[in-house]
Number of protein chains: 2
Amino acid sequence: MADKKQVEQITDMEVDFAKWYTDVCTKAELIDYSSIKGMFIYRPYGYAIWENIQRLMDAEFKKTGHENVYLPMLIPESLLQKEKDHVEGFAPECAWVTHGGSEKLEERYCIRPTSETLFCEHYKNIIHSHRDLPKLYNQWCSVLRWEKTSRPFLRHREFLWQEGHTMHATEAEAREETQRMLGVYADFMENVLAMPVVRGRKTEKEKFNGAEETYTVECMMHDRKALQAGTSHYFGDGFARAFDITFTGKDNQLHYPHQTSWGVSTRMIGGIIMTHGDNNGLVLPPCIAPIQAVVIPVAQHKPGVLDHAATLLARLQAAGIRARMDDSEQSMGWKAAEYEMKGVPLRVEIGPKDIEKDQCVIARRDSGEKVFVPLGQLEDKVRELLDAVHDGLYARAKRNLEENTYACASLEEVKEKMAQRGGFAKTMWCGDLECELRMKEEAGVSSRCIPFEQEHLGDTCAICGKPAKHMIYWGVAY
Amino acid sequence: MADKKQVEQITDMEVDFAKWYTDVCTKAELIDYSSIKGMFIYRPYGYAIWENIQRLMDAEFKKTGHENVYLPMLIPESLLQKEKDHVEGFAPECAWVTHGGSEKLEERYCIRPTSETLFCEHYKNIIHSHRDLPKLYNQWCSVLRWEKTSRPFLRHREFLWQEGHTMHATEAEAREETQRMLGVYADFMENVLAMPVVRGRKTEKEKFNGAEETYTVECMMHDRKALQAGTSHYFGDGFARAFDITFTGKDNQLHYPHQTSWGVSTRMIGGIIMTHGDNNGLVLPPCIAPIQAVVIPVAQHKPGVLDHAATLLARLQAAGIRARMDDSEQSMGWKAAEYEMKGVPLRVEIGPKDIEKDQCVIARRDSGEKVFVPLGQLEDKVRELLDAVHDGLYARAKRNLEENTYACASLEEVKEKMAQRGGFAKTMWCGDLECELRMKEEAGVSSRCIPFEQEHLGDTCAICGKPAKHMIYWGVAY
């Protein structure tokens with residue numbers, strides 16, 4: 001760190017939320033731009049957040065019986081075309097490789113926008129009997145989608161993600177897997193990222209290209225826009241038929257297996273920023289913060305201060321807490337601002353007066369609250385405060401979600417309230433695409449999901465007045 | 001597992017080493033072929049080996065102060081061309097992206113064959129002062145090189161690797177980093193992969209495109225061919241000048257920083273196979289084996305056997321050993337062959353007679369030796385045996401290396417001995433490219449390295465008879 005830079009001011013989120021967001025992304029040193037539009041550099045601090053997410057989520061995948069694999073990044077055009085709905089959705093945003101070395105390729109290859117087709121090709125080779133099922137595979141990789149617009153973490157041409165791809169002997173098993181993984185995502189968002197979610201099913205219009213059903217976890221950002229944080233898809237046997245993947249069942253007959261896929265990406269980091277951040281910068285949930293506590297010696301030139309600070313650091317690290325010390329020559333004010341910008345959950349300060357009193361001072365990033373902690377209780381108290389920060393962040397985000405989710409009885413009401421306050425409007429819906437399109441056109445909102453937890457708000461569709469089938473959430477999404 | 005397949009015979013390595021190798025890769029389920037030539041699928045068992053390598057090596061990188069980042073996979077052609085030697089070396093084997101969606105790109109992009117140019121572009125943005133140095137970055141990713149021939153793990157068009165890229169204020173620091181990371185690699189190969197190495201410097205001809213110096217760790221495979229297992233490069237300030245990266249020094253003057261890069265790849269897995277494998281299949285060094293010990297109940301239908309086996313499994317897992325149980329209906333012979341093929345270091349068997357005697361039987365994969373172990377000593381004995389397997393593998397490989405490294409006084413002698421026995425021929429060398437090319441043409445060998453540990457074998461070059469500058473190793477390489 002040292003004095004290499006001044007901690008700079010960022011735009012207030014109330015003034016310009018979009019500018020505030022990109023300020024945080026760059027000033028907290030999460031990301032940098034490259035010379036290709038829409039392709040970003042994940043800097044060490046941003047990548048360290050992803051590494052923590054990966055480590056914790058990968059453990060959940062393994063607990064639920066999944067194995068990691070790595071498949072090629074290129075897809076021959078003919079392979080991509082095997083499943084009609086799938087190629088229609090993805091072909092327009094593929095980057096195409098046409099030359100290898102100095103030679104023009106006989107067939108062009110796209111860089112994977114997602115890997116269903118590659119997994120199917122492989123599954124055809126390795127699935128023959130019911131004993132080969134289920135196949136529960138996951139892949140950590142980057143994918144490419146040639147989007148027109150871009151924004152750090154939220155929309156990259158290349159982004160990091162994981163994609164689970166599984167094959168099952170029965171529809172019931174595959175459907176159960178689709179739900180199980182949505183549950184893994186929902187629990188992760190809430191318990192690890194402190195982001196409350198709404199769980200539900202996507203409409204026909206919004207589901208994944210080629211899927212029979214898409215399930216989603218939807219979060220509400222601080223500006224009351226929606227972020228689709230993770231999705232889980234049930235494919236039926238559509239791809240299996242297209243790729244001619246069959247297995248011999250216990251009945252000695254040939255069957256098509258049933259398929260799922262599910263994914264989350266570095267988009268979640270955008271969600272963390274927009275859910276928890278404030279006008280001083282990033283605020284990180286403790287479970288994934290690269291630095292959970294930073295130790296700052298006060299009046300460090302005074303005798304004994306650095307030694308005491310070093311002891312605190314060593315104790316925290318020994319207790320398994322991700323801790324750092326900043327004993328650089330920067331001022332206390334600079335350091336406080338720097339670690340606020342970086343969203344470090346706890347700042348542990350110790351100076352000559354604290355040493356006399358056998359204590360340190362711990363400041364919480366979320367609330368700004370400062371507590372005096374007897375040195376004998378350091379580890380326990382830090383653990384307790386990290387939990388408290390998580391709970392505080394979750395509670396605040398939950399309040400935001402609940403206070404800004406409201407029932408509407410008509411398209412007009414959605415339009416009016418959405419313009420005033422954003423958030424999620426819930427209405428009854430007949431299930432027709434026409435009404436969904438009208439809502440988009442007239443109120444500027446997309447359907448977020450048909451929540452699993454249904455409420456009976458009335459008997460008729462808020463848009464057309466025909467009998468209602470579902471309660472649905474609408475919102476403006478990232 | 002179950003009875004889904006028969007454990008198949010593989011080709012004897014003495015009959016056809018290349019066929020033996022690909023048999024092991026596919027029959028041990030490490031790899032599968034995709035529909036694109038030279039692009040392979042890392043299957044769960046192969047990828048799990050890579051995950052173990054990554055985890056252990058990443059910890060070493062972090063201990064030595066490095067941070068992980070992720071940079072884009074595409075390089076604009078103009079960026080690649082900034083350093084002349086570099087582009088000359090890589091352009092002929094680049095895969096080129098020419099279209100994004102339906103639009104032709106204004107400039108074509110190559111998929112990274114290596115990322116020096118991307119790192120330099122980023123470094124130019126973030127290095128301004130001596131306080132910004134050193135930058136110690138590493139990236140785990142896949143790279144693409146459009147090679148004509150391919151072979152599992154050894155030569156892929158796309159392969160997984162890590163690439164370290166660092167920038168330093170002084171030449172001395174950068175040179176020290178180059179050596180430090182070669183040391184990290186050498187220790188890793190020997191202590192983790194049980195592969196003894198020769199450390200040295202590459203000749204001008206063999207060094208990395210754009211580097212001032214390339215250092216290497218060279219291993220000898222079971223067939224006595226060489227494998228370059230890892231390299232570390234010192235670039236001087238060549239790229240910094242080409243990319244106009246400067247920093248203000250303590251002297252308030254502008255300077256160019258000094259650069260290094262270093263990498264290892266999934267090629268190491270090919271090295272593991274060819275160093276330790278035998279005619280029964282894979283033999284894995286315990287540190288990176290996905291399964292370190294497999295528990296196999298004997299006569300498992302007899303009362304109490306499965307319970308006892310499950311207890312053994314639980315105890316091993318609780319002791320931090322990567323253990324599995326196979327209580328499938330397969331025969332004991334099938335199971336023994338299966339776990340031999342998969343290279344699992346230890347097979348722990350327990351049956352009714354063992355239970356009576358309060359013992360189990362542990363079979364070592366490397367030597368076939370079986371030992372009776374009192375159940376009370378299970379964890380300690382398994383740890384001891386895992387160490388013994390590692391040491392046994394290392395000793396055998398070291399013997400192979402030493403017995404097949406020999407001094408030669410003339411090109412003729414190299415030619416003759418190399419044809420007879422392969423291995424590493426060491427000779428004195430004048431340092432001239434001509435002699436290196438003659439050696440290649442007439443004896444079919446390439447220079448492996450100029451070892452750090454020099455020996456004085458004579459005063460004159462074995463090829464031309466002029467005064468010698470170095471002792472050098474020659475060999476046939478993968």
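It should be emphasised that the depicted structure is a prediction, and the values quoted were computed from it without experimental measurement. Chain naming here is simple, since letters A, B, ... match the order of the sequence lines and numbering starts at 1 in each.
For the set B:Leu160, B:Leu144, B:Leu79, the count of heavy-atom pairs under 4.5 angstrom toward chain A peaks at B:Leu160. Across A:Pro76, A:Cys141, A:Gly46, A:Cys110, the residue that shares the most heavy-atom pairs under 4.5 angstrom with chain B is A:Pro76. Taking A:Leu71, A:Ile36, A:Ile126 one by one and counting their heavy-atom pairs under 4.5 Å with chain B, the maximum is reached by A:Ile36. Taking A:Ser35, A:Ala91, A:Ser102 one by one and counting their heavy-atom pairs under 4.5 Å with chain B, the maximum is reached by A:Ser35. No other option in A:Ser142, A:Ala95, A:Ser34, A:Pro44 has as many heavy-atom pairs under 4.5 Å with chain B as A:Pro44. Interface check for chain B: of the options A:Tyr47, A:Tyr70, A:Trp146, the most heavy-atom pairs under 4.5 Å are formed by A:Tyr70. Of the residues considered (B:Glu93, B:His128, B:Glu121), B:Glu121 shows the highest number of contacts with chain A, using heavy-atom pairs under 4.5 Å.
Only the side chain of A:Asn125 comes within less than 4.5 Å of a heavy atom of chain B; its backbone N, CA, C and O stay farther away. Looking at B:Glu147, neither its backbone nor its side chain comes within 4.5 Å of chain A, counting heavy atoms on both sides. Contact of B:Gln139 with chain A is not made at all, since no heavy-atom distance falls under 4.5 Å. With a threshold of 4.5 angstrom between heavy atoms, B:Lys104 does not approach chain A through any atom at all. Contact annotation for B:Pro92: only backbone heavy atoms (N, CA, C, O) come within less than 4.5 Å of a heavy atom of chain A. In this structure, no portion of A:Glu107 lies under 4.5 Å from any heavy atom of chain B. Looking at B:Tyr33, the atoms closer than 4.5 Å to chain A (heavy atoms on both sides) all sit in the backbone: N, CA, C or O. Both the backbone and the side chain of B:Trp96 come within less than 4.5 Å of a heavy atom in chain A. Residue contact with chain A, scored on non-hydrogen atoms closer than 4.5 Å, is absent for B:Lys124. With a 4.5 angstrom heavy-atom cutoff, B:Leu118 does not touch chain A via any of its atoms.
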**Asked** Do A:Phe247 and A:His255 pass the ring pair (Phe, Tyr, Trp, His ring centres under 6.0 Å) test, and can you show the C-alpha distance, the side-chain angles, and the key distance before you say yes or no?
**Response** CA-CA 5 Å; A:Phe247 68 95; A:His255 300 270; 5.6 Å; yes
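With ring centers used as reference points, B:Phe159 lies 6.0 Å or more from B:Phe153. Aromatic pair A:Tyr109/A:His99: ring centres not closer than 6.0 Å. Taking the six-membered ring for Trp, B:Phe40 and B:His156 have ring centres closer than 6.0 Å.
For the pair B:Glu60 and B:Arg55, the salt-bridge criterion is not met [side-chain N within less than 4.0 Å of a carboxylate O]. By the 4.0 Å N-to-carboxylate-O rule, B:Lys148 lies close enough to A:Glu103 to be salt-bridged with it.
Annotation: cation-pi geometry satisfied between B:Arg145 and B:Trp161 (NZ/CZ under 6.0 angstrom from ring centroid, within 45° of ring axis). A cation-pi contact, defined as under 6.0 Å to the ring centre and within 45° of the axis, links A:Lys342 to A:Tyr45.
Of the inter-residue distances, the one linking A:Arg43 atom CZ with B:Tyr137 atom OH reads 5.0 Å to the nearest 0.5 angstrom.
Side-chain N/O atoms of A:Trp50 and B:Asn68 include no donor and acceptor closer than 3.5 Å. Side-chain contact check for A:Tyr42 and A:Thr266: at least one donor-acceptor pair (N or O, by modelled atom type) lies under 3.5 Å.
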